[in-house]
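This report refers to the structure that appears directly beneath it.
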Protein chains: 2
Amino acid sequence: MGATVCINGTTKARKGRPVPVTIRDVAKVSGVHVSTVSRTFSAPHLVNPATRARVLEYAEQLGYRPNRAARALITGRTHNIGLIVADIANPFFPPLIKAAESHARGRDYHVFVADTNEDPGVEEELVLALAKQVDGILLCSPRMSNTQIEKLSRDVPLVVVNRPVPGLPAVVMDVAQGARLAIEHLTSLGHRHIALLGGPRGSWNNREIRRSATLYTRAAGSELTVLGPNLPTEDSGIAQAEAITQTGATAVLCYNDLMAVGLIDGLERLGVSVPDQISVVGVDDTSLSRRTRPTLTTVATPTAAAGRAAVDMLLQHGDDRRTNALVTLQTELIIRNSSGPARRQ
Amino acid sequence: MGATVCINGTTKARKGRPVPVTIRDVAKVSGVHVSTVSRTFSAPHLVNPATRARVLEYAEQLGYRPNRAARALITGRTHNIGLIVADIANPFFPPLIKAAESHARGRDYHVFVADTNEDPGVEEELVLALAKQVDGILLCSPRMSNTQIEKLSRDVPLVVVNRPVPGLPAVVMDVAQGARLAIEHLTSLGHRHIALLGGPRGSWNNREIRRSATLYTRAAGSELTVLGPNLPTEDSGIAQAEAITQTGATAVLCYNDLMAVGLIDGLERLGVSVPDQISVVGVDDTSLSRRTRPTLTTVATPTAAAGRAAVDMLLQHGDDRRTNALVTLQTELIIRNSSGPARRQ
DNA sequence: TCAGGTACTACAAACGTTTGCAGTCGAACT
DNA sequence: AGTTCGACTGCAAACGTTTGTAGTACCTGA
């Protein structure tokens, strides 16, 4: 209304420095106490609608934005959450990060993303560094031991993704089911000898996949050869190509898509054709899987849903930790062109 | 030493809730004033080495961690920086994010990552939401107008990546040089008619590439046909494949790798062989470029270096904005298998 | 011996919020 | 008329730090 409002008798739009307009400034110009201004934002039902409208208008006019640090200091809640992943550049993570971030933002939370470079040592360091700064942390595919995670969870609420930890909320993908589907797909195509290209040592997913693959290969009367552990990288897929051919298997289930595309590449270099001579199946259905040639048959894991679910769990039991809530998300098999009938030997 | 230290006469390790050990607790047990404890951490040279050692020991023993919110409140510096990108899942960004994050962490800064979903509208919203929470923001490939960015920069220090904005610090890649190298590469292979598959409308990189490509095609006595604007996605690469063939060009320079791999895919579907019939060159050298078949000839942009440089710029002129510092990073041409000699028509 | 300095430490006021408590005022009920 | 209540608002004490100022004790040099 009319003239723009000035603070402290002087306009605050000083050169360079941004305008540090506080709750007090708003209180002054709207002629109420700071507590009323505060309540206008944090407990609107406690203030007279007319007053509130006035305060809001002045606040808007001054460009007031609540200072989250101050709010955090007194409430103890920062409205931030931490997200720790092994490697942002691993195509498995971006969809998860993206989903978590936008889901959190919808609930007025911001997300710190940190990358451990696949180093278990820096995981702990990061958790501690973030602890005071966030209301909770999403630990994705951690390589730490259960007891170590347990201990950290006393400092800050944790939700673990891609691995169950007793006593902690976690969200996992049903990769065992996925592996089952993959194995059944392969055996139904006539494969009697299947190889499993295993992932990293500490990985729960890896154990699950192996357990399930072993079980269902046997159930189909086929043979399973397990290779590993391996780093879950494209390079290690390439490196293991020769070993794979030597197993005599006609089909391979890989720990993840990255290794699968590496393996396909490696096999091609050896003159082995996929899927004509060897079928290859991945896990995760990352953006890669549609880009390879042949396109990759793979177990789709709902990474975006996992990100959202993890955020929800974190925000729900904000305080009452020590839950044994475990969310398991379903997986499905996406059949593309890297798997085909077993060749006649 | 000996017995573990208790606070307030009672051990603070209450059930569930984490231990909120403050500077005051440390002061109490070590028999000094809080200010001494504070200085032990923030200005060590002002406190007696013996005292400091004692304080540090007790702090360690109690598991004291400074509360960054409180520190931020009084110093006005949060030791956080914001990083806004268009799409985390776009393979261009993860290396940049990763580099920025680890570089920042090395300087005791944490990074908020936010994703605009390619929506210019949410860019502004995100900047404002983050403003009070960070000491500055890295704006990557923004789609906003210069004036809009200018305005936001009055609220919070900004560093722009992938686009120069007058009066603001920015780091850009010399894509003009990259485009020149690509065009010269193609013309030297005998291509007399080249197509440019353009990117999104607001993109500075897009304009640079076009400008440079036009210039150097002409300089080589060749013809350039420009298509666009297009969304910088794989799908739009696929969609434009037919249009490309209709230009009659024997080589294509694409706005980025994503479009290039899409284009290769699209051309293949049309029965056009790359590079035998049409050569394709991308920009960015993302992780994709080694995975395509054929592998992609592309202009490598130093994304990780850009991330680090941006962080440095932000941390340097923390206060004195209004700099016209512009860092330009060199690009280079990586020749792989998607480009070859012009076919004999 | 004393002025001046150095090295360290304590005091207390901030920073921008939230929130329990108390107060005011008018309306409704007895 | 007096009581009770509800709706609203002001007061002031926190939250965990940092930092300018002031103080103490000791040392140095004249």
Side-chain angles (χ1 to χ4, degrees), chain A residues 7-8 12 17-56 58-59 62-80 108 131-135, chain B residues 7-8 12 17-56 58-59 62-80 108 131-135:
Chain A
I7 319 176
N8 301 340
K12 272 205 173 182
R17 291 284 74 217
V19 195
V21 33
T22 80
I23 210 178
R24 222 176 307 264
D25 299 319
V26 179
K28 202 164 296 172
V29 301
S30 36
V32 297
H33 194 261
V34 292
S35 55
T36 301
V37 178
S38 171
R39 279 189 265 259
T40 300
F41 292 97
S42 52
H45 60 281
L46 289 181
V47 16
N48 186 317
T51 315
R52 181 152 62 97
R54 193 154 37 95
V55 170
L56 284 175
Y58 282 118
L62 294 179
Y64 167 74
R65 308 227 135 219
N67 180 325
R68 295 177 87 124
R71 181 178 291 181
L73 184 55
I74 191 138
T75 62
R77 339 218 79 244
T78 62
H79 266 246
N80 295 332
D108 198 24
K132 272 283 176 29
Q133 184 116 294
V134 299
D135 295 340
Chain B
I7 321 176
N8 302 339
K12 270 205 172 181
R17 291 283 75 215
V19 195
V21 34
T22 79
I23 210 177
R24 222 175 308 263
D25 299 318
V26 179
K28 202 164 295 170
V29 301
S30 35
V32 298
H33 194 263
V34 291
S35 56
T36 302
V37 178
S38 171
R39 279 189 260 260
T40 299
F41 292 98
S42 52
H45 60 282
L46 289 182
V47 16
N48 187 317
T51 314
R52 180 152 61 98
R54 193 154 36 96
V55 169
L56 284 176
Y58 282 118
L62 295 179
Y64 167 74
R65 308 226 135 222
N67 181 324
R68 294 177 87 126
R71 182 179 290 182
L73 184 54
I74 191 138
T75 62
R77 339 216 79 244
T78 61
H79 266 247
N80 295 333
D108 198 24
K132 270 284 175 32
Q133 184 116 297
V134 299
D135 295 340

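In what follows, chains are A, B, ... by sequence order, proteins preceding strands, each numbered from 1.
One atom, CD1 of A/Ile23, and another, P of C/dC15, lie 14 Å apart when rounded to the nearest Å. A/Lys132 places its NZ atom 14 Å from the P atom of D/dC15, with the value rounded to the nearest Å. For the pair B/Gln133 CD and C/dT17 C1', the interatomic distance rounds to 14 Å; values are reported in whole Å. Atom CG of B/Asp25 is separated from atom P of D/dG16 by 8 Å (rounded to the nearest Å). Atoms CG (B/Asn67) and P (D/dT18) sit 10 Å apart, rounded to a whole Å. Between B/Arg68 atom CZ and D/dC15 atom C1' the separation is 18 Å, expressed in whole Å. What separates CZ of A/Arg52 from P of D/dT9 is a distance of 11 Å, to the nearest Å. When rounded to the nearest whole Å, the span between NZ of B/Lys28 and P of D/dG16 equals 11 Å.
B/Ile74 is linked by a side chain to side chain contact (heavy atoms under 4.5 Å, CB included) to nothing, counting only residues two or more places apart in sequence or in another chain. With sequence neighbours excluded, no residue forms a side-chain hydrogen bond (donor to acceptor under 3.5 Å, both in side chains) with A/His79. Qualifying side chain to side chain contact (heavy atoms under 4.5 Å, CB included) partners for B/Ala131, counting only residues two or more places apart in sequence or in other chains: B/Val156. Residues passing the side-chain hydrogen bond (donor to acceptor under 3.5 Å, both in side chains) test with B/Thr78 are B/Asp135, sequence neighbours excluded. Looking at residues two or more places apart in sequence or on another chain, you find a side chain to side chain contact (heavy atoms under 4.5 Å, CB included) between A/Thr75 and A/Arg71, A/Arg77. B/Ser35 pairs by the side-chain hydrogen bond (donor to acceptor under 3.5 Å, both in side chains) definition with B/His33, not counting sequence neighbours. With sequence neighbours left out, the side chain to side chain contact (heavy atoms under 4.5 Å, CB included) criterion links A/Val34 to A/Ile23, A/Arg24, A/Ala27.
Here the closest non-hydrogen pair linking A/Leu62 and A/Val21 is O-CG1, 3.5 Å.
A 4.5 Å side-chain heavy-atom check between B/Arg68 and A/Lys132 finds every atom pair outside the cut-off.
End-to-end axis angle for the helix from C/dT1-D/dA30 to C/dT30-D/dA1, using five pairs per end and rounding to 10°, comes out at 50°.
A/Arg65 comes within contact range of the sugar-phosphate backbone alone, with a heavy-atom separation under 4.0 Å but no base atom that close. Using a 4.0 Å heavy-atom criterion, one finds that B/Phe41 contacts no nucleic acid atom at all. Within the 4.0 angstrom heavy-atom criterion, base atoms lie near B/Arg24. Among the heavy atoms of the strands lying under 4.0 Å from A/Thr75 are primed sugar atoms or P, OP1, OP2 only; no base atom is included.
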Which pairs would a plain distance check flag for residues 39-50 of chain B, meaning a side-chain donor or acceptor within less than 3.5 Å of a matching protein atom at least two apart in sequence or in another chain?
{"from": "B/Thr40", "atom 1": "OG1", "to": "B/Thr36", "atom 2": "O", "distance (Å)": "2.7"}
{"from": "B/Ser42", "atom 1": "OG", "to": "B/Ser38", "atom 2": "O", "distance (Å)": "2.9"}
{"from": "B/Asn48", "atom 1": "OD1", "to": "B/Ala50", "atom 2": "N", "distance (Å)": "2.8"}

Filtered N/O pairs between nucleotides 10-14 of chain D and protein, under 3.5 Å:
{"from": "D/dG10", "atom 1": "OP2", "to": "A/His33", "atom 2": "N", "distance (Å)": "2.8"}
{"from": "D/dG10", "atom 1": "OP2", "to": "A/Thr36", "atom 2": "OG1", "distance (Å)": "2.8"}
{"from": "D/dG10", "atom 1": "N7", "to": "A/Ser35", "atom 2": "OG", "distance (Å)": "3.4"}
{"from": "D/dG10", "atom 1": "N7", "to": "A/Arg39", "atom 2": "NH2", "distance (Å)": "3.3"}
{"from": "D/dG10", "atom 1": "O6", "to": "A/Arg39", "atom 2": "NH2", "distance (Å)": "2.6"}
{"from": "D/dC11", "atom 1": "N4", "to": "A/Ser35", "atom 2": "OG", "distance (Å)": "3.4"}

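Donor-acceptor pairing under 3.5 Å is lacking for the side chains of B/Gln133 and A/Asn67.
Residues of residues 43-51 of chain A having a heavy atom closer than 4.0 Å to DNA chain D, listed by number: A/Leu46, A/Val47, A/Asn48, A/Pro49, A/Thr51.
Residue order along DNA chain C, read from the 5' end via each residue's closest nucleotide, puts B/Arg54 first among B/Ala70 and B/Arg54.
In this structure, the separation between OH on A/Tyr58 and CG on A/Asp25 is 14.0 Å, given to the nearest 0.5 Å.
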